[in-house]
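Here the structure comes first, spelled out in structure tokens, and everything after it is commentary.
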Number of protein chains: 2
Amino acid sequence: MKKIDIFKKLRSSGLRPTKQRVEIAKFLFERDKTFHFTIESLDKFLAKKTTFKFALATIYNTVHAFKKAGHLSEVDVRGKKTYFDTNITNHHHFYDNETSELIDIDASEVVIQKIPKAPNGKKIKNIEVFINLKN
Amino acid sequence: MKKIDIFKKLRSSGLRPTKQRVEIAKFLFERDKTFHFTIESLDKFLAKKTTFKFALATIYNTVHAFKKAGHLSEVDVRGKKTYFDTNITNHHHFYDNETSELIDIDASEVVIQKIPKAPNGKKIKNIEVFINLKN
DNA sequence: TTTTACTTTAGAATTATTATAAACTAGTTT
DNA sequence: AAACTAGTTTATAATAATTCTAAAGTAAAA
């Protein structure tokens, strides 16, 4: 993804392309594979990669802005920290408890044959399959 | 579940049947349906139901002791609070985002036809299906 | 009944996250 | 290009959930 695309992505989401947002967006979206992270890990990655500093609050703000704009999704993982995912398509996850690592599973790789119907008055919003791994 | 069973349950898990643990165990396990709760909600329920006080730390300790002993399971729910479940069988959940409520789905009600194989060196520990609900 | 090891408790500490308010900056207007 | 305006970053404070700590209490063993 080119710089100009980053700018477009931000603009189209009503986000001003500030120095920090561009840097975070480049780090998150200029890659081939999907990327999973927590705010803490993102902060560390950015500290290594770039010269200028990011306030933690800025990282929180920016990541949530991206999430709100639909550029990131949030993943349900047991634990205290919130995990984010650059893969915003409908998909599932492996979770490796030993390494606390998430691995994407393409939606086509999981076929569900039978599912209960939603309780009265409710509809199914989405189905998440979470496969816990062990060694 | 009778009081004597509660005692046995605690004993067999290496837990001394103290006043607090017995009271919490009775509240959690003397019921027909499975029960979902957070520490905060359990604290409120106990405050209503019983006369003596429970330190929050005791509730945390006791719930974690029950979990460690296999009497409770923890549920992956996005958000800050940790959810627990008195249903320790292999099963799935509906999650109602409007009410923050969990509803059990029996394992037999979900049939998965296709699943990817675990990454090299890893094995599948368990599969959790999480169905998000909307109105 | 004395002892010992485990528990409870209140409060402090920690961790993740969100709020705040001042300083700053991008984009627009002049 | 200078001035303006609205959105942004920052450091720090506040909040929320959870864990830690050390003293006081209690169950079970001796």
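Worth knowing before you read on, the calculation uses all heavy atoms, side chains too, and leaves out hydrogens, waters and symmetry mates. So that the names make sense, note that chain A is the first sequence line, chain B the second, and so on, each numbered from 1.
Partners of Lys81(A) by side chain to side chain contact (heavy atoms under 4.5 Å, CB included), not counting sequence neighbours, listed by chain and number: Thr38(A), Glu40(A). The side chain to side chain contact (heavy atoms under 4.5 Å, CB included) check on Phe27(A) picks up Arg31(A), Phe35(A), Leu42(A), Phe45(A), Leu46(A), Lys49(A), with sequence neighbours excluded. The side chain to side chain contact (heavy atoms under 4.5 Å, CB included) test applied to Asn135(A) returns Glu98(A), Lys122(B), not counting sequence neighbours. With sequence neighbours excluded, no residue forms a side chain to side chain donor-acceptor pair (under 3.5 Å) with Asp32(A). Partners of Ser108(B) according to the side chain to side chain donor-acceptor pair (under 3.5 Å) rule, which considers only residues two or more places apart in sequence or in another chain, are Asp106(B). Listed by chain and residue number, Thr34(A), His36(A), Asp85(A), Asn87(A), His91(A), His93(A) satisfy the side chain to side chain contact (heavy atoms under 4.5 Å, CB included) test with Asp104(A) (two or more places apart in sequence, or in another chain).
Legend: side-chain hydrogen bond (donor to acceptor under 3.5 Å, both in side chains) pairs involving residues 57-75 of chain B, not counting sequence neighbours, sorted by first then second residue: Ser13(B)-His71(B), Lys67(B)-Glu74(B).
Following rounding to the nearest Å, Lys67(B) (NZ) and dT18(D) (P) show an atom-to-atom distance of 12 Å. In this structure, the CG atom of Leu15(B) is 16 Å from the C1' atom of dT26(D), given to the nearest Å. Going from atom CZ of Phe7(B) over to atom C1' of dA27(D) covers 11 Å, rounded to whole Å. Summarising the geometry, the separation between CD1 on Ile59(A) and P on dT12(D) is reported as 16 Å, rounded to the nearest angstrom. Protein atom CZ of Phe37(B) is 11 Å distant from nucleotide atom P of dT18(D), rounded to whole Å. Taking atom CZ of residue Phe54(A) and atom C1' of nucleotide dT12(D), one finds them 20 Å apart after rounding to whole Å. To the nearest angstrom, C1' of dT18(D) lies 15 Å from CG of Leu42(B). Between Asp43(A) atom CG and dT10(D) atom P there is a gap of 11 Å when expressed in whole angstrom units.
Counting heavy atoms from C-beta on, the side chains of Phe84(A) and Leu28(A) never come closer than 4.5 Å. Within the 4.5 Å cutoff, the side chain of Phe52(B) has heavy atoms near those of the Glu23(B) side chain. You'll find the side chain of Arg16(B) stays beyond 4.5 Å of the side chain of Leu10(B), heavy atoms only.
Between the side chain of Arg21(A) and the backbone N or O of Leu15(A), no donor-acceptor pair lies under 3.5 Å. Remark: side-chain polar atoms of Asp76(A) are not paired, donor with acceptor, to backbone N or O of Val77(B) under 3.5 angstrom.
Taking the six-membered ring for Trp, Phe29(B) and Phe66(B) have ring centres closer than 6.0 Å.
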Show the distances under 3.5 angstrom between N or O atoms of the protein and N or O atoms of nucleotides 1-3 of chain D.
none

Scan nucleotides 19-26 of chain C against the protein and return all N/O pairs shorter than 3.5 Å with their distances rounded to 0.1 Å.
residue: dA26(C); atom: N3; partner: Arg16(A); partner atom: NH1; Å: 3.4

Report each atom pair, protein N/O against N/O of nucleotides 14-17 of chain C, whose distance is under 3.5 angstrom.
residue: dA16(C); atom: OP1; partner: Lys81(A); partner atom: NZ; Å: 3.3
residue: dT17(C); atom: OP1; partner: Thr82(A); partner atom: N; Å: 2.9
residue: dT17(C); atom: OP1; partner: Thr82(A); partner atom: OG1; Å: 2.7
residue: dT17(C); atom: OP2; partner: Tyr60(A); partner atom: OH; Å: 2.7
residue: dT17(C); atom: O5'; partner: Tyr60(A); partner atom: OH; Å: 3.3

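Between Gln20(B) and dT26(D) there is no side-chain polar atom (N or O) within less than 4.0 angstrom of OP1 or OP2.
In the hydrophobic clustering (ILVMFWY side chains linked at under 4.5 Å, chained through shared members), Ile124(B) is joined by Phe94(A), Ile103(A), Ile105(A), Val110(A), Ile112(A), Ile115(A), Ile124(A), Ile127(A), Val129(A), Ile131(A), Leu133(A), Phe94(B), Ile103(B), Ile105(B), Val110(B), Ile112(B), Ile115(B), Ile127(B), Val129(B), Ile131(B), Leu133(B).
Listed by first residue number, the stems of DNA chain C with at least three Watson-Crick or G-U pairs below 3.5 Å are C:1-30 with D:1-30.
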